[in-house]
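The structure appears below as structure tokens.
Position 1 is the first residue of the sequence; numbering continues from there. For clarity, every value in this text was computed on a predicted model and none was experimentally measured.
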Amino acid sequence: MSHNDACRAKRLALPIAAGALGLAVSIGGFAAPAQAADAVTLTGVILGVGADESQRMVTWYSSGDTTQAVQVAPAAQVVDGEFPASAKSFSAVGGANIASSGGFNRNATITGLAENTSYSYRVGAEGNWSKTYTFKTQDFEGDFDFLFLGDPQIGASGNVAKDQAGWQDTLDVATKDNPDAEILVSGGDQVETANTETQWDAFLAPDQLRQVPWAATIGNHDVGGKAYEQHLAVPNGDRSGQYYANGNPASNTSGGDYWHIYKDVLFINLNSNSYTTSSGGGGDEAHLKYVSDVIEKHGDAAKYTVLVYHHSIYSPASHAKDSDNKVRRVDFPTTFSKLGVDLVLQGHDHAYTRSYLIKNGEKADADEKPGAADVFAGPGGVLYVTANSASGSKYYGITKPDNSGTSGAGNGADPLNPDSYWYNSVQNQENTRTYVKVKVKADELVVENIRSETNVGSSVDKVTVHPYNGEGQQIQVRVPKAAPGEFGWTIDGKNGLVDLGTAEEKDGEYYSANGAINPITVKDSRSSQAPWSISASVGDFKDADKKFSGSLLGWTPKVAEAGAGAKAGEKVESGLNGGEGLSVSRTLGQADQGHEKGEAKLAADLDLKIPSEVAQGSYRATLTITALSS
């Protein structure tokens, strides 16, 4: 080549620069509501449990009858209050509230949640959203804690503000001391007067009710109006007539039974206000059939069964001698023992009790001592717990055991502790707010009653229940969550520059330069065997104010060292004669779902063809590499 020819030649340098590595996770998109809402007021937002740990239900009030939704996104993607385009929307349903409540109610179910993720959510419609709230999910398998809260009954003291303050304080204490508690379980009686919305406003005031899902329970002070149903949507709810005290779901009353599964626990929640058939409902017989049917259909999906209802049948105060307990101490316990129920959570009597293990309506083990720290259920043994007031709005004093107004095993004294009822291992009334913490573990339930005022955080009572696992020997093994492993890539070589040298003239028509990228090492140790791909694109080649298009660069990908399921991408021709070349993203290598773990090395031969009219210079471009994996 002559000196003049050399002067006409172009010296080309191509640095390889890593672009931002992104692991792309799609959470899907949903259409916006069919119509934008007028400016409406959105109040009373509460986060409820869903059918399982991957769901949540949200309920709220609206001043207008408009199309609304819940919008949800991972909290990390919500910046300065702006939800990303990828946020999901879940359409709401609902209707008009009763006249005394005014306005309308809405509820929506959030589905498809991922574990160990913080989410932001808001309710309403485009242009008229509520404020943003947050909640977090945790592991979908394994041990977990939940908190059981008895009778807030806001307004029972005659001072709504005082009751609200006590309720708020208990939730503050309980959630601060138990930041990883995953559910708040209601003992019933959210308010004193069923349809008094100022009491509901006070009950709903704590932010914890928008952060930790509330598993609602209907109490006798909730049942006499529709506000309970308007405020608290539930999963798998059966609101047919047999689960209403008067047999009429259309009446101005609330009712219904429901169930849900959370990790290893099947929760079944009953409307214990319906206990006779004389007023039109299905009574206890309907509830017992419901429990039996749910356990038969879903019991195998859980390790423990926990029943929740309001009216305590084993309590220490005035309600211990109520006529409904007279009946229920006969017809409930035998069925619960037969079905293998582990724990029954109750409210109503505003005093704390932990029963002995009860089998078929009698003490399961005559040798069980009062206040035992460890109890062994044996076949049919069930623990019954009654919660005291979580708000301090009302307390009942402990009454003396006798056999008045009862049948069956009666309300006689405990031979081991004559001041207590025969069925109560522990009974306590200090006129102090408390809550119950339940630790669900692989081989035991730990139940603890904890003070939320006066000696805050101290324990009133604690027991570990060792469930019955049948005759013979069961074998249990815990399979841990697979280590997530890692997916990543690196560029071989130190300076990151791919020098294509001096382009050569080809018959006066174009200039050609060839070379190879620095190999890229891909490592994938994830157990998910998720697909991955490495792609790249190149921008314009530039020398000061001179440039030519990156479309003129093509390549031939290859797998230099096999592993991690790697397959080479398709060959891409230079766009000299038309085409986009590497100016658009092209696949260097990829692996399909189910590939083996390991390491691969990807390479590519480069082919650059440049029109002869391009001005002399030393041009550079950046190859941006992107990794994608689910």
Report yes if the side chains of Pro401 and Asn411 come closer than 4.5 Å at any heavy-atom pair, otherwise no.
no

Assess the residue pair Asp402 and Lys321 against the criterion (salt bridge (charged side-chain N to carboxylate O under 4.0 Å, His left out)); give the C-alpha distance rounded to whole Å, side-chain angles, the decisive distance to 0.1 Å, and a yes or no.
CA-CA 9 Å; Asp402 59 43; Lys321 301 172 186 180; 2.9 Å; yes

Minimal non-hydrogen separation, Leu357 against Leu383, with atom names
CD2-N, 3.9 Å

For Phe135, ring-ring contact (aromatic ring centres under 6.0 Å, His included) partners two or more places apart
Tyr119, Tyr121

Is any NZ, NE, NH1 or NH2 atom of the basic residue among Lys441 and Asp264 found under 4.0 Å from an Asp or Glu carboxylate oxygen of the other?
no

For a salt bridge (charged side-chain N to carboxylate O under 4.0 Å, His left out) with Arg433, tell me which candidate from Asp172, Asp169, Asp151 qualifies.
Asp169

Report yes if some heavy atom in the side chain of Pro379 is under 4.5 Å from a heavy atom in the side chain of Tyr468; otherwise report no.
yes

Could you tell me whether the side chain of Val344 reaches within less than 4.5 Å of the side chain of Ser355, counting heavy atoms only?
no

Kindly say whether Gly64 contributes a backbone atom to a donor-acceptor pair with the side chain of Ser62 at under 3.5 angstrom?
yes

Check: Asp238/Tyr290 side-chain N/O donor and acceptor closer than 3.5 Å:
no

If only side-chain N and O atoms count, and only distance matters, is there a donor-acceptor pair under 3.5 Å linking Asp257 with His287?
yes

Does His319 reach the side chain of Thr386, with side-chain heavy atoms less than 4.5 Å apart?
no

Minimum heavy-atom distance between Leu266 and Trp259, given as atom pair plus value:
CD1-CE3, 3.8 Å

Sub-3.5 Å donor-acceptor pair from the side chain of Asn178 to the main-chain atoms of Ala174, do we have one?
yes

Show the numbers, then the answer: is there a salt bridge (charged side-chain N to carboxylate O under 4.0 Å, His left out) between Arg329 and Asp322?
CA-CA 11 Å; Arg329 272 196 294 272; Asp322 286 353; over 6 Å; no

Judged by atom type as modelled, is there a donor-acceptor pair below 3.5 Å linking the side chain of Ser393 to the main-chain atoms of Ser391?
no

Ignoring hydrogens and angles, tell me if any N or O in the side chain of Thr335 forms a donor-acceptor pair with the backbone of Leu288 under 3.5 Å.
no

Does one side chain, of Thr196 or Glu192, offer a donor that lies under 3.5 Å from an acceptor on the other?
no

May I have the step-by-step check of ring-ring contact (aromatic ring centres under 6.0 Å, His included) for Tyr309 and Phe332, ending in yes or no?
CA-CA 12 Å; Tyr309 55 81; Phe332 268 14; 5.5 Å; yes

Would you say the side chain of Asn428 lies within less than 4.5 Å of the side chain of Asp461, judging by non-hydrogen atoms?
no

With a 6.0 Å cut-off (strictly less than), is the heavy-atom count around CG of Asp300, excluding the residue itself, greater than 12?
no

Does one side chain, of Gln429 or Asn388, offer a donor that lies under 3.5 Å from an acceptor on the other?
yes

Between atom CG of Leu209 and atom CG of Leu184, what is the distance when rounded to the nearest 0.5 Å?
6.5 Å

Can a side-chain donor-acceptor contact be found between Trp60 and Gln68 if the only test is distance below 3.5 angstrom?
yes

Going by atom types only, do Ser312 and Asp349 share a side-chain donor-acceptor pair under 3.5 Å?
no

For Tyr384, does its backbone N or O pair with a side-chain atom of Gln346 as donor and acceptor, under 3.5 Å?
no

Just checking, is any N or O donor in the side chain of Thr432 or Glu453 under 3.5 Å from an acceptor N or O on the other one?
no

Nearest non-hydrogen partners of Pro316 and Tyr352, listed with the distance
CG-O, 4.2 Å

Which label fits Trp214 and Trp167: parallel for a plane angle under 30°, tilted from 30 to 60°, or perpendicular past 60°?
perpendicular

Among Val306, Val185, Val447, find the one that has a side chain to side chain contact (heavy atoms under 4.5 Å, CB included) with Phe148.
Val185

Do side-chain atoms of Arg239 reach the backbone of Ser254 as a donor and acceptor pair under 3.5 angstrom?
no

Hey, does Glu430 have a side-chain heavy atom less than 4.5 Å from the side chain of Tyr395?
no

Which label fits Phe376 and His466: parallel for a plane angle under 30°, tilted from 30 to 60°, or perpendicular past 60°?
parallel

Do Ile98 and Asn252 come close enough that some side-chain heavy atom pair is under 4.5 Å?
yes

Approximate separation, where rounding is to 0.5 Å, of Leu232 CG and Thr59 OG1
6.5 Å

So which heavy atom on Ala320 is nearest to which on Tyr423, and how close?
CB-OH, 3.8 Å

For the residue pair Asp414 / Ser420, report whether a side-chain donor-acceptor contact shorter than 3.5 Å exists.
no

Could you tell me whether the side chain of Val446 reaches within less than 4.5 Å of the side chain of Lys462, counting heavy atoms only?
yes

Modelled atom types, side-chain donor and acceptor of Tyr421 and Thr399, under 3.5 Å:
yes

Checking side-chain polar atoms at under 3.5 Å, does Gln153 have a donor or acceptor matched by the opposite partner on His350?
yes

For the residue pair His298 and Ile261, what are the closest heavy atoms and their distance?
O-CD1, 4.1 Å

Given 3.5 Å as the limit, does a donor-acceptor pair link the side chain of Arg106 with the main chain of Val123, or not?
no

For Ala108 and Ala92 the tightest heavy-atom approach is CB-CA, 3.9 Å

Test your reading of the model: is there a side-chain donor-acceptor pair from Trp200 to the backbone of Tyr228, 3.5 Å cut-off?
no

Donor-acceptor pair between Gln230 and Ser101 side chains, under 3.5 angstrom:
yes

Please check: side-chain N/O of Asp163 versus main-chain N/O of Ala156, any donor-acceptor pairing under 3.5 Å?
yes

Count the heavy atoms belonging to other residues, nucleotides or ligands that lie under 6.0 Å from NZ of Lys226, then report whether that count exceeds 12.
yes

Does any N or O in the side chain of Asn248 come within less than 3.5 Å of the main-chain N or O of Ala250, such that one atom is a donor and the other an acceptor?
yes

With ring-ring contact (aromatic ring centres under 6.0 Å, His included) as the test, pick out the partner of Phe146 among Tyr262, Phe267, Tyr435.
Phe267

Nearest 0.5 Å please: distance from the NZ atom of Lys263 over to the CD atom of Glu141.
8.5 Å

